[in-house]
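Heads up: the structure comes next, in structure tokens.
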Protein chains: 2
Amino acid sequence: MHKPTIEDVAKRANVSIATVSRVINRQGGVRQKTEARILAAIEELNYIPNAVARSMVKKTTNTIGIIIPDVNNPFFPTVVSGIEQKAREKGYFTFLCNTNESADTERELLTILLERSVDGLIITTADEAGDQLQTVMDAKIPVVAVDRAIKKFEVDTVLVGNVDGAYQATRHLILQGHKRIAIICGPQNTTPGYERFVGYKKALDDYGIPVVQEYVLEGDFKEESGRRLTKQLYQLPERPTAIFSSNNLMTVGCMKALYELDWKLGEEVSFIGFDDVDIATFVNPPLTVVSRPMRKLGEVAFEMLYERMTEGWDGAKRHYVLSPELKIRQSCRLK
Amino acid sequence: MHKPTIEDVAKRANVSIATVSRVINRQGGVRQKTEARILAAIEELNYIPNAVARSMVKKTTNTIGIIIPDVNNPFFPTVVSGIEQKAREKGYFTFLCNTNESADTERELLTILLERSVDGLIITTADEAGDQLQTVMDAKIPVVAVDRAIKKFEVDTVLVGNVDGAYQATRHLILQGHKRIAIICGPQNTTPGYERFVGYKKALDDYGIPVVQEYVLEGDFKEESGRRLTKQLYQLPERPTAIFSSNNLMTVGCMKALYELDWKLGEEVSFIGFDDVDIATFVNPPLTVVSRPMRKLGEVAFEMLYERMTEGWDGAKRHYVLSPELKIRQSCRLK
DNA sequence: GTTCTAAATCTAAACGTTTACATTTTGGAG
DNA sequence: CTCCAAAATGTAAACGTTTAGATTTAGAAC
């Protein structure tokens with residue numbers, strides 16, 4: 001009445017468990033007739049091989065861990081779905097974990113993942129310094145960093161061109177004739193936050209536009225800060241004529257603020273955002289944005305991981321940088 | 001140089017593995033001094049218990065499977081996050097699987113999940129008939145159905161009041177003075193699709209409004225059908241004055257169509273949707289919707305599952321029905 | 001019918017834990 | 001110091017596979 005095991009199958013088919021194992025794993029070297037008998041037994045017993053036992057001896061679980069900092073930011077689920085699709089194709093399952101940007105939570109999750117013997121790890125860390133990854137490095141499992149690099153350890157990394165994207169965005173605004181361009185930055189102690197500011201600054205510099213203090217505001221990549229800072233911009237004696245928001249969630253906040261302030265998008269103020277958002281085509285006018293290849297990011301990440309996991313490929317760590325793309329819609333008007 | 005095992009710890013602390021096991025699992029009955037020695041050894045070796053081996057003997061993995069039919073529908077990720085939060089609290093990990101509404105894919109995934117010995121399963125099935133669940137029932141693991149019932153087997157189920165929600169929505173429209181109310185239905189062979197139509201019809205009946213053929217259109221719960229059918233409605237010699245969309249994705253499609261047709265929302269046509277959507281407050285005027293307690297749905301589902309998994313509680317299967325709520329915004333104008 | 005080789009099959013160990021049961025140790029009572 | 005019960009610790013089996021290496025079998029060649 002218990003779950004049938006390989007032994008039950010063996011008994012019923014009148015062979016040893018080794019032979020059953022061979023047919024389960026399609027290793028060949030089993031007489032046609034024997035195989036048929038075994039297959040029949042499997043069928044009759046509704047036998048399902050036990051992956052736990054298999055993992056035990058094979059020392060591999062066909063499972064990977066994914067750690068992201070914020071499930072509520074649609075960017076990550078999209079990246080994850082890219083990872084998962086590729087993973088499933090190769091027979092891997094994933095444990096998805098959310099740290100809520102807490103390095104402590106990350107540390108705990110890492111331990112659990114290690115207990116569960118994941119074969120690899122894809123992570124967007126909550127703390128780029130990376131001390132919390134020591135245990136993982138000790139365990140010597142392959143790691144791929146996505147969207148945020150890790151300072152302390154050399155690992156495969158896949159990023160997108162933040163500086164490049166922010167530069168393109170800012171230049172686009174400049175070429176439309178804007179001079180008073182504000183930026184709502186992300187946290188400056190994070191790479192994406194910092195680099196996007198760098199791209200903004202670089203564009204301004206290249207076109208000889210001074211960076212003005214009041215137009216550079218630092219948010220936390222969450223919706224509410226976008227809203228608050230937009231309102232702050234509105235209070236300025238000399239309002240900016242264009243705003244560049246550093247991420248998707250803050251963009252949503254900006255839109256809410258604009259609506260609440262009745263600050264006319266595309267007329268009184270131009271807007272460009274980093275990352276495409278669902279609402280982009282539903283606001284009026286539709287938003288021009290810097291778009292990142294999110295699924296692709298995930299796909300590349302898994303592929304890198306896969307090579308390390310299967311081939312035990314131990315070559316130099318790679319840094320892959322994907323290019324963002326400017327999606328021009330109508331929120332940036334000539335000034 | 002291999003991963004340290006419980007045996008390595010035992011050797012180093014000069015005790016037997018049984019004693020180490022006892023301290024790892026906080027079972028007590030270990031002399032203070034001994035425990036300290038063991039803890040030290042664990043620390044020094046960076047020992048991490050192997051959950052696979054533990055599962056092997058305990059016959060439990062602290063893992064559950066979640067099967068959903070469409071990751072791209074934000075409804076499911078939200079439900080899932082409700083499940084996951086509760087699960088994590090109780091020390092469970094989840095395998096999230098997407099069937100893309102295919103019963104065959106579902107069958108495959110079910111097998112893999114069973115191979116991996118999940119302790120329980122939460123599922124929104126792609127085929128309510130439920131034949132594909134036979135293997136799971138054979139394995140005797142607890143199952144909770146979410147959002148869609150399963151006909152063939154008695155399982156714990158958590159649903160929301162579809163008829164009720166659709167009734168409320170339609171009545172709201174009627175009370176605003178509408179008589180020509182169209183519905184964009186979901187597939188009529190699915191419970192949610194069918195029941196929402198039933199609620200619509202019931203409201204019409206109760207208020208003595210005839211159901212007219214041309215105003216009842218069947219979509220597939222995907223965005224594109226919402227768009228297409230809205231356009232079809234627009235072609236009608238006598239256009240409806242209000243539209244009820246049966247789910248979130250189709251609502252998005254409707255909005256796109258309205259925009260493309262320049263069919264003025266809230267003025268020329270009122271609108272109400274089943275399920276709240278991100279864009280609801282970004283279109284103008286904001287959308288009135290029937291909102292479902294999505295996270296709650298997930299939380300309840302896990303809690304039901306948890307009882308079955310831990311207490312082996314074998315009582316009668318329960319059906320839990322959560323109530324939807326009407327969120328009145330401004331897309332339904334008096335006619 | 002033998003003999004031999006290759007193919008098929010089997011035996012048993014190993015994977016890293018938990019746990020029932022057996023054994024040893026501790027320390028207080030006498 | 002001896003004895004004893006309780007507390008601490010140890011031993012070994014079990015969990016369900018995979019896989020070396022040993023053994024058996026099949027069938028061709030003679």
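Any value given below was found using the heavy atoms of this structure, including those in side chains, with hydrogens, waters and symmetry copies removed. Lettering of chains follows the sequences in order, A, B, ..., and the numbering in each one begins at 1.
- Here the P atom of nucleotide D:dA12 and the CD atom of B:Glu7 are 13 Å apart, to the nearest Å.
- A close approach under 4.0 Å does occur between a side-chain nitrogen or oxygen of A:Thr19 and OP1 or OP2 of C:dC10.
- Between B:Glu307 and B:Arg318 there is a salt bridge, with a side-chain nitrogen of the basic residue lying less than 4.0 Å from a carboxylate oxygen of the acidic one.
- Ion pairing of A:Arg292 with A:Asp147 is present here, as a side-chain N (NZ or NE/NH1/NH2) and a carboxylate O approach within less than 4.0 Å.
- Residue A:Thr5 is in sugar-phosphate contact alone, with no base atom involved, counting any heavy-atom pair closer than 4.0 Å across all strands shown.
- As a whole-Å value, the separation of A:Arg22 CZ from D:dT19 C1' is 9 Å.
- Distance, A:Ile17 CD1 to D:dT18 C1': 9 Å, rounded to whole Å.
- In this structure, a donor-acceptor pair under 3.5 Å is present between the side chains of B:Arg295 and B:Ser81.
- Side chain of B:Glu106 to backbone of B:Ala126: a donor-acceptor contact under 3.5 angstrom is found.
- To the nearest 0.5 Å, atom OG1 of residue A:Thr125 and atom NZ of residue A:Lys152 are 12.5 Å apart.
- B:Gln32 comes within 4.0 angstrom of no nucleic acid atom, judged by non-hydrogen atoms across all strands.
- Residue B:Glu35 is out of contact with every strand shown, counting any heavy-atom pair closer than 4.0 Å.
- Of the two residues contacting DNA chain D, namely B:Ser16 and A:Pro49, the nearest-nucleotide position lying further toward the 5' end is that of B:Ser16.
- Contact check, A:Ser21 against D:dT17: no side-chain N or O comes under 4.0 Å of OP1 or OP2.
- If you measure from atom CG of A:Leu114 to atom C1' of C:dG16, you get 16 Å, rounded to the nearest angstrom.
- Nearest to the side chain of A:Asn25, among D:dT18, D:dT11, C:dT11, sits D:dT18.
- Taking the six-membered ring where the residue is Trp, B:Tyr92 and B:Phe302 present perpendicular rings, their angle passing 60° and hence far from 30°.
- Sequence neighbours left out, the pairs with a member in residues 76-96 of chain B that pass salt bridge (charged side-chain N to carboxylate O under 4.0 Å, His left out) are B:Lys86-B:Glu303.
- Looking only at atom types and distance, the side chain of A:Glu128 has no donor-acceptor partner in the side chain of A:Thr190 under 3.5 Å away.
- With distances taken from any side-chain atom of B:Asn50 to the nucleotides D:dT18, C:dT17, C:dT11, the minimum falls on C:dT17.
- Residue A:Lys33 contributes atom NZ, which lies 14 Å from atom C1' of D:dG27 at whole-angstrom precision.
- Among the heavy atoms of the strands, none lies under 4.0 Å from B:Val52.
- Regarding B:Ile48, its CD1 atom lies at a distance of 14 Å from the C1' atom of C:dG16, rounded to whole Å.
- The nearest whole Å value for the distance from the CD atom in B:Gln27 to the C1' atom in C:dC21 is 15 Å.
- Here C:dA8 presents its P atom at 19 Å from CG of A:Asn14, a figure rounded to the nearest Å.
- Of all nucleotides listed (D:dG10, D:dT9, C:dT11), D:dG10 comes nearest to the side chain of B:Ala18.
- Non-hydrogen atoms lying under 4.0 Å from DNA chain C are contributed by B:Ala53, B:Arg54, B:Met56, B:Val57, B:Lys58, all within residues 53-63 of chain B.
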